[in-house]
Protein chains: 2
Amino acid sequence: MQMMSLNGEVMRCSSCAIRHRAVCGALSEDELAAINAIARQRIVKAGETILNADEEITFFANIVAGSVKLTKIMADGRQQIVGLQFAPDFLGRAFRERSPYFAEAATDVELCVFPKKEFERLLSEKPGFEMRLFQDTLNELDAARDWMLLLGRKTASEKVASFLEMIARRSPMIGCAHTAEQAGVSFHLPLTRSDIADYLGLTIETVSRQIGKLKSAGIVELHATREVSVTDMDGLRAAASSEA
Amino acid sequence: MQMMSLNGEVMRCSSCAIRHRAVCGALSEDELAAINAIARQRIVKAGETILNADEEITFFANIVAGSVKLTKIMADGRQQIVGLQFAPDFLGRAFRERSPYFAEAATDVELCVFPKKEFERLLSEKPGFEMRLFQDTLNELDAARDWMLLLGRKTASEKVASFLEMIARRSPMIGCAHTAEQAGVSFHLPLTRSDIADYLGLTIETVSRQIGKLKSAGIVELHATREVSVTDMDGLRAAASSEA
DNA sequence: CGCGGATTTGAACTGAATCAATCGACGTGG
DNA sequence: CCACGTCGATTGATTCAGTTCAAATCCGCG
């Protein structure tokens, strides 16, 4: 039994998978009806572009399912992933005309899209909503700074271990976790080797070699190239900060 | 002739050097009086700690003059500067109990300090004020992501050129600019070689060598180790993104 | 079953780190 | 006024982690 919004449309939000974890969680029932009225679903296949760098921003979105990579690209083709977002993250740069980066679906993605104008109006009318987005932004900034330490100062093996540890830790939220076998965590990697390399500031070859080392060290197992089991989480954590 | 606040104190804000550029710019005269009442000046000498990592946050501040570095440090001593802030930037991490990084004065610094509680109350009562801080945070996030591209994908010479270009561009705002001689820009470096290395993810030796190369290429001149003149700004920009 | 992109593996190379002096500016005290 | 010590910066020689170039090999999929 679904609620109806004022204009008679089905109230999708009430059955939304990320209803309580997304920014919308800061909204009341009435406000939710308002946002429901302007929201549209959009499915993006893995590898497709969501927003180009320098493209005019016309919408914002919640990630309902899947993974999105935010990438910076240099004139000569070198690229760096500067943000990785999963459900229920918010996607978009408020208060700016053009996108400062390239947003692409890393896996198949389901978005809940809001037109820019209406969303910004809602934002200015609901201080609690803006505060929630502000807090999310601060968390993203903290994450970006953690990643700066990784990019600037960690070795290749620490980088790869840190990445796998991060995915393992977040896999239940990301929705890529398999039923936890035995003691370890198992999950499907949301990124290709090439994406991992672009996220860590390495080459694919180095990523592959370092994953190989973790495998021979008995810290992880690979069932397929993108199916990982962490068999020694403590060992992985140690490898991530080189305390071993 | 200075204004008096309600409690009779001198209204310092009205003569503040960063009055119109700092977050306080979002406040009305009344609100300014309120914040003036809780603000205190604090002078920090170069090299002194403003806030330790994991230390409980008890205050926020505006940087009135000087440069502050935000640093992440690993257990084995490796460190990475994850943010560099200048007047009139805002200093502090709202909505969090403990500081996610170490904040240290890079040069002598003058701060305008607000106690946490009062500041947060003001923040929640004045939506415009919170929005202003939100916008500043988004800009910091953009800057952090630009730096991630630098850390992950640029070469040592590109990193050093990018850094000098950034300082040259911002030197008028930072207050380290000398009267512009001839065509070029001259300024005082707000960081030591060691700090520059920690900001770029390099060693001091590499930083020194790359600055040397820019000097022999006729792009910059060094009057003293920290006194720089950019004689070929286009050349510097080209070296920063390797389009040359 | 075979094709094509993704991944792994190997060998050689190189950019930046490391190790090691030396230099220079500045403040202190003889 | 100059020798001395300190700290930051430069310069040089060597090493090594990670890249580059070049083949295999592995899957996923029609």
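Below, read A as the first sequence line, B as the second, and so on, with proteins coming before strands; counting in each chain starts at 1.
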Trainee: Closest approach to the side chain of B:L202, judged atom by atom: which nucleotide of C:dA16, C:dT8, D:dT19 is it?
Mentor: C:dA16
Trainee: Report yes if at least one side-chain N or O of B:T203 is closer than 4.0 Å to OP1 or OP2 of C:dA17; otherwise report no.
Mentor: yes
Trainee: With DNA chain C as reference, determine whether A:R153 or A:L222 sits nearer its 5' end, using the nearest nucleotide of each.
Mentor: A:L222
Trainee: Indicate whether OP1 or OP2 belonging to D:dG18 is found under 4.0 Å from a side-chain N or O atom of A:R209.
Mentor: no
Trainee: Looking only at side-chain atoms of B:E205, point me to the closest of C:dA16, C:dT18, D:dT20.
Mentor: C:dT18
Trainee: In whole Å, what is the span from the CG atom of A:L200 to the C1' atom of D:dT19?
Mentor: 15 Å
Trainee: Looking at CG of B:L111 and CD of B:Q41, how far apart are the two atoms once the value is rounded to the nearest 0.5 Å?
Mentor: 9.0 Å
Trainee: Please determine whether a side-chain nitrogen or oxygen atom of A:S208 lies at a distance below 4.0 Å from atom OP1 or OP2 of C:dT8.
Mentor: yes
Trainee: Looking at every strand, decide which applies to A:I196 at a 4.0 Å heavy-atom threshold: base, sugar-phosphate, or nothing.
Mentor: nothing
Trainee: Relative to the 5' end of DNA chain D, which residue comes earlier, A:V207 or A:A224, by the nucleotide with the nearest heavy atom?
Mentor: A:V207
Trainee: Mind calculating the distance between CG (B:L191) and P (D:dG8) to the nearest angstrom?
Mentor: 14 Å
Trainee: Using a heavy-atom cut-off of 4.0 Å across all strands, would you classify A:I204 as base, sugar-phosphate, or nothing?
Mentor: nothing
Trainee: If you compare every side-chain N and O of A:T206 against the phosphate oxygens of D:dT19 (OP1, OP2), does one of them come in below 4.0 Å?
Mentor: yes
Trainee: For B:K116, does the NZ atom have more than 12 heavy-atom neighbours from other residues, nucleotides or ligands under 6.0 Å away?
Mentor: yes
Trainee: Without decimals, in angstroms, what is the distance between B:R193 CZ and C:dA17 C1'?
Mentor: 18 Å
Trainee: Return the value, rounded to whole Å, for the distance between atom CD of A:E227 and atom P of D:dC26.
Mentor: 18 Å
Trainee: Are A:F114 and A:F59 close enough that their ring centers fall under 6.0 Å?
Mentor: no
Trainee: For the pair made of CG in A:L151 and P in D:dA17, what is the distance, rounded to whole Å?
Mentor: 20 Å
Trainee: If only atom types and distance count, is the side chain of A:S162 paired as donor or acceptor with the main-chain N or O of A:A240 below 3.5 Å?
Mentor: yes
Trainee: Whole-Å distance between C:dG15 P and B:E158 CD?
Mentor: 12 Å
Trainee: What's the CZ-P distance between B:R226 and D:dT10, to the nearest Å?
Mentor: 12 Å
Trainee: In this structure, how many angstroms lie between the C1' atom of D:dT19 and the CG atom of A:D198, rounded?
Mentor: 14 Å
Trainee: Quick one: label A:I211 by what it contacts on the DNA or RNA (base, sugar-phosphate, nothing), any heavy atom closer than 4.0 Å.
Mentor: nothing
Trainee: Will you find, in the side chains of A:R96 and B:N139, an N or O donor that is under 3.5 Å from an N or O acceptor?
Mentor: yes
